[in-house]
Structure formats: structure tokens, C-alpha cells
Amino acid sequence: MTCQLDGLSVGIVQVEAETLGGFSAFSIVGLAGPSIQESKERVRSAMRASGIALPPGKILVNLFPADERKSGTQWDLPIAMALASAMGLVDPKRCARAAFVGELGLDGSLRPIAGVFQMVLGLVGQVEEIFLEESQARICSTIEGIRIYPVNSLVDLLRHFRGEEKILPCPHRNLVKNQGGEEDGLLDFKEMKGQDQVKKIMVLSTLGHHHLLLIGPPGNGKSMALERAGTIQPDLEGQALREVMGVRSIFTGKEEEILSTRPPLLMPHYSITRAGLVGGGSPIQPGVITRAHRGVLVLDELPLFSNECLDALRLPMDRKEISLLRNHRSRTYPSDFLLLSAMNPCPCGYYGAEDHDCACSPFQVKSYREKISQPLLDRFDMVFEVGPVDKTGKSSNKEKDSTKMREEVEEGRDRIQFMKVKEKWPPKVSPGGKALLEEISVFFHLSSRSLNKLLALAASLCILRAGEKISEEDLAEAFQYRRARYKYWEK
């Protein structure tokens with residue numbers, strides 16, 4: 001038994017083998033892809049190196065269910081074990097509740113494969129034990145509910161099932177918090193001086209998962225703030241951590257990266273294609289937004305991204321997943337990310353700046369801003385204008401660093417969780433707040449989405465000040481963090 005990774009979904013596959021008479025041949029049926037067809041030669045050489053001579057005549061291997069296309073190199077080990085069972089070398093009953101995943105070298109050694117952590121997660125509850133390459137077994141030993149056996153070679157595995165030399169299962173390992181997050185120490189918000197308001201907005205955005213667009217002239221700290229966004233994200237845990245570790249295992253085999261409890265932070269260049277951003281290709285592969293799942297996606301110089309890339313973000317931002325259809329095949333990938341972006345107010349960057357003259361024509365300015373469509377703008381919780389750096393030295397939060405900001409986020413989330421337990425979330429709006437909300441909604445013609453985002457932002461501000469009701473001041477401040485949209489784009 002083994003499994004097939006289809007996107008992020010895991011399906012059980014039964015591997016059957018039979019030795020027949022007649023001319024020598026080795027056939028694999030069941031919609032096996034080219035990489036599986038090549039496994040015939042790897043399995044033949046690995047078994048020969050392990051002292052096993054394949055019988056003369058035809059060898060037939062069937063992959064069930066036979067109506068689903070299959071690919072990958074994880075089939076080598078299960079095919080070899082199915083052949084060993086058909087030849088009477090191991091007892092088939094002992095393999096009934098076990099899964100085998102791994103690529104074989106020509107010398108019979110096991111080699112790591114991509115996506116094994118996600119595969120093991122999907123097999124929990126479906127099989128009792130699984131046999132993996134040794135280094136990947138160590139990584140997967142953090143998963144509960146399944147026995148994981150480390151295997152060095154095909155010979156060792158055959159000896160285990162013959163009862164000659166037992167392989168002991170990996171002991172369960174607990175994850176070390178913040179493991180793999182040393183890179184966060186290279187950046188810190190304490191290096192950002194004179195931008196207290198931007199720091200508060202970054203905390204607010206992280207606390208409530210509010211999508212953010214910063215706009216302002218070059219050199220005011222927009223990119224600097226976005227680069228440090230990962231340092232104030234709380235560590236992942238529970239289901240969110242398992243989802244992220246499964247996605248990471250598809251793209252990397254490094255233990256420290258897969259087992260890191262830090263949320264992902266992706267900063268793609270604006271030359272990225274639509275398929276690279278949201279996923280696609282043939283076969284369908286996940287994009288950057290899936291790699292940023294449960295983390296942060298940073299798009300600096302937002303108008304320089306292609307229109308098809310920007311518009312493709314609209315549905316994933318709402319649904320927190322993306323469904324892709326290619327060649328009559330559909331795959332759905334998770335994409336619950338926090339979008340943080342920045343842009344200049346015009347191509348030269350100095351529109352409205354006090355100390356620089358803008359060199360752009362009105363048409364250039366208008367065309368530049370129209371790269372950001374109104375439906376995409378509507379999905380940003382905050383559109384904030386970043387002003388000049390405060391050089392007076394009177395900054396009240398000049399000592400606030402990433403550690404302090406992360407603590408504020410964690411305290412805020414604890415308060416939200418407490419209010420949910422007490423059934424007081426979301427907080428109610430005060431009478432004064434309701435009147436202001438109605439006035440803003442009518443004057444600025446807010447859509448239902450914008451109205452909901454304004455209320456959610458005000459609720460986060462309420463939590464940040466440890467309040468229980470959304471006040472008029474919370475709503476007024478929340479609208480100020482969205483006001484730049486109406487300054488740079490028409491109402």
C-alpha cells in the first residue's frame with residue numbers, strides 16, 4: 001500500500017504484483033506516468049543489489065484505483081515490496097496495514113522524496129504504520145496517530161518483515177517552538193525610527209489579519225516595514241502549523257524549514273507570472289499564495305505587477321483558497337494569507353511630496369494608479385498614506401522593537417479568544433459609533449464589503465486598547481486608516 005499526492009489531497013493506492021509465465025517482460029498498469037514507468041529499472045537493479053533475482057517470465061504490477069493518473073517516484077519501494085510478497089519472500093498479511101513510500105537507488109538504498117510530510121498527514125487514520133527513508137522518518141516523527149519506521153535500504157526492510165532484524169519505530173518528537181526562525185533575528189522594527197503610526201498599523205494588520213496597502217514617496221519606510229512583517233507574527237500551532245508544514249514539505253526537504261513554527265513570508269518580484277503567483281502549469285502546481293498560506297504575502301511596488309496577477313488575487317483573498325482547472329483536472333489549494341503591499345503615488349514617486357517636484361503628467365499619474373482596480377482596492381482593509389519620517393526625536397515609540405510588537409499581537413489575540421469564549425465577539429458598536437458609521441457609509445457610498453472591513457478594523461482597534469465596545473473614536477481612527485483610498489482614487 002502507498003499513496004498518491006494530488007495537489008494537497010492524499011489518496012490510498014493499492015500496489016498489486018503477479019509473476020506470470022511466458023516471455024520476460026515488466027509491465028506497470030493503472031495509468032502510471034513516465035516517472036513510474038522508469039521505476040521498473042530502479043526496482044530491478046535495487047532488488048538485484050539486495051540479492052534478489054526476479055523470476056523469468058512476465059511481471060505485472062497494477063496500481064489501484066486504475067482510473068486515476070499517477071506520477072512521482074514514491075512508488076519504487078511499494079512496488080519492490082509487492083514483488084517480494086508475490087515471490088513469497090514476505091508474508092502479505094504482515095503488510096496489510098502498512099504503507100511504503102520511498103524512491104530506491106540502484107544499490108537498494110532509500111532516497112527522500114518531495115511532499116512526504118503531507119503524505120503521512122493524509123495517511124493518519126488510514127494505516128497503522130508507514131516505512132520511510134530515515135531522514136524523512138525523523139521529520140515525520142512529529143506526527144501523532146501513526147507508527148513511523150526509518151528504513152535505510154530494501155535489504156533492511158526485507159529482514160524486518162522476515163523477523164531477522166527488527167526496525168524500531170521512531171519515538172514521537174515534540175516540536176520546539178520557534179524552531180527554524182533564526183532568520184527573524186536579522187531584521188527588527190527597532191531599526192525603524194520616526195514612524196510610530198506605521199508600527200501601530202503593522203501591529204493592527206497582524207492582529208486582525210487586515211490586508212494593507214501603504215502608499216507614499218520613496219524613502220519613507222514602506223518597504224522597510226513590510227520586510228519586517230514576519231518578525232511580529234506569532235508562532236503557528238495546531239492545525240495551522242500542520243497545514244503549513246505539509247505545504248513546505250512539497251517545496252523543500254530541509255528539516256529546519258519544514259519543522260519551523262514561524263509563519264511563512266513570501267516576497268515575490270513583480271516580474272512573476274500569473275501561474276507562479278496563484279498556481280497553474282501542467283501538471284498543476286501550487287503558486288506563491290499557497291506557499292504563503294497562514295503567513296504573509298508581501299507585494300512591494302504593487303502597480304508594477306501585471307494586471308492578470310493582481311486581478312487573480314481577488315477570489316483567493318475572499319475565499320482563502322484557489323481552485324485551478326487544467327486539462328479537465330481540478331485542484332484546490334489553500335491560500336489564507338495576509339496581503340501586505342506598498343506603492344508610490346505616481347511613477348516618479350514624488351506626487352504631493354513637499355521636498356521634491358513630481359515629474360509625471362496627469363495622464364501618467366492616472367494610468368499608474370488605475371493599475372490597481374477598484375475591486376482589488378475594495379479588498380484592502382487599510383489604505384494608508386505614509387508620511388515623512390519624524391526627525392524631531394520626539395517619537396513616543398522609538399524604543400518599540402519587534403519583540404514588543406509581537407507581544408501586543410499575542411495579547412490582543414488572547415483577548416479575542418477570551419471574548420469568543422464569553423460569547424462577546426464581535427464587540428457591539430456604541431450608539432455614537434453607529435451614528436458615525438451611518439454618516440461615513442452614506443457620504444462615501446461604502447459597499448457592503450467596505451462596511452464590514454471598516455467594522456472589523458474598528459473591532460481590532462477596540463481590542464488593541466482593551467475595550468469591550470466599538471467606540472466612535474475606534475470607527476473614526478479605522479476610517480483614517482482607509483482614507484488614502486479616497487484621496488488617491490475617486491470616491
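Using a distance-only test at 3.5 Å, with no hydrogens or angles considered, a donor-acceptor pair links the side chain of Arg415 to the main chain of Ile463. Put simply, the side chain of His172 gets close to the backbone of Ser141: a donor and an acceptor are under 3.5 Å apart. Distance alone, capped at 3.5 Å, places no donor-acceptor pair between the Lys469 side chain and the Pro427 backbone. Between the side chain of Thr252 and the backbone N or O of Ser249, no donor-acceptor pair lies under 3.5 Å. Between the side chain of Trp75 and the main chain of Ser71, a donor-acceptor pair closer than 3.5 Å is present. Side-chain N or O atoms of Asp401 include one that pairs as donor or acceptor with a backbone N or O of Lys404 at under 3.5 Å. For Arg369 (side chain) and Pro345 (main-chain N/O), a donor-acceptor pair under 3.5 Å exists by modelled atom type.
Both tests do not hold together for Arg482 against Phe384: distance to the six-membered ring centre under 6.0 Å, angle to the ring axis within 45°.
Ion pairing between Glu191 and Arg228 holds under the 4.0 Å rule for side-chain N and carboxylate O. Ion pairing between Arg138 and Glu133 fails under the 4.0 Å rule for side-chain N and carboxylate O. With respect to the salt-bridge test (charged N to carboxylate O, under 4.0 angstrom), the residues Lys222 and Asp300 do not qualify. Residues Arg111 and Asp76 are not paired through a salt bridge, judged by the lack of any N-O separation under 4.0 Å between the basic side chain and the carboxylate. Classification of Asp378 and Arg485 as a salt-bridged pair holds, one side-chain N sitting under 4.0 Å from a carboxylate O. Checked for salt-bridge contact, Glu255 and Arg173 meet the test: a charged N lies under 4.0 Å from a carboxylate O.
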Could you check Tyr149 against Ile130 for side-chain contact (heavy atoms from CB on, under 4.5 Å), going step by step and ending with a plain yes or no? CA-CA 6 Å; Tyr149 291 82; Ile130 185 170; over 6 Å; no

List the steps and the verdict of side-chain contact (heavy atoms from CB on, under 4.5 Å) for Met202 and Leu212. CA-CA 8 Å; Met202 295 300 294; Leu212 170 65; 3.8 Å; yes

Begin from the C-alpha positions of Tyr368 and Gln364 and carry the test side-chain contact (heavy atoms from CB on, under 4.5 Å) through to its verdict. CA-CA 6 Å; Tyr368 182 77; Gln364 288 176 314; over 6 Å; no

Between Leu339 and Leu213, does a side-chain contact (heavy atoms from CB on, under 4.5 Å) hold up when you go through it step by step? CA-CA 8 Å; Leu339 177 59; Leu213 171 60; over 6 Å; no

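In this model, a donor atom of one side chain and an acceptor atom of the other lie less than 3.5 Å apart for Ser471 and Asp474. Looking only at atom types and distance, the side chain of Thr2 has no donor-acceptor partner in the side chain of Gln74 under 3.5 Å away.
Between Phe305 and Tyr270, the angle of the ring planes goes over 60°, which puts this pair in the perpendicular group of the 30/60° scheme. Classification of the His356-Tyr350 ring pair by plane angle, with boundaries at 30° and 60°, yields parallel.
Using a 4.5 Å heavy-atom threshold, the side chains of Ile36 and Lys70 count as touching. Counting only heavy atoms from C-beta outward, the side chains of Pro264 and Leu266 approach each other to under 4.5 Å.
To the nearest 0.5 Å, atoms CG (Leu454) and OG (Ser450) are separated by 8.5 Å. Considering SG of Cys140 and CD of Gln118, their distance stands at 10.5 Å, rounded to 0.5 Å. Between atom CG of residue Asp414 and atom CD of residue Glu407 there is a gap of 11.5 Å, rounded to the nearest 0.5 Å. Between the CD atom of Gln197 and the CD atom of Gln480 there is a distance of 9.5 Å, given to the nearest 0.5 Å.
The shortest heavy-atom contact between Pro303 and Lys371 is O-CE, 2.6 Å.
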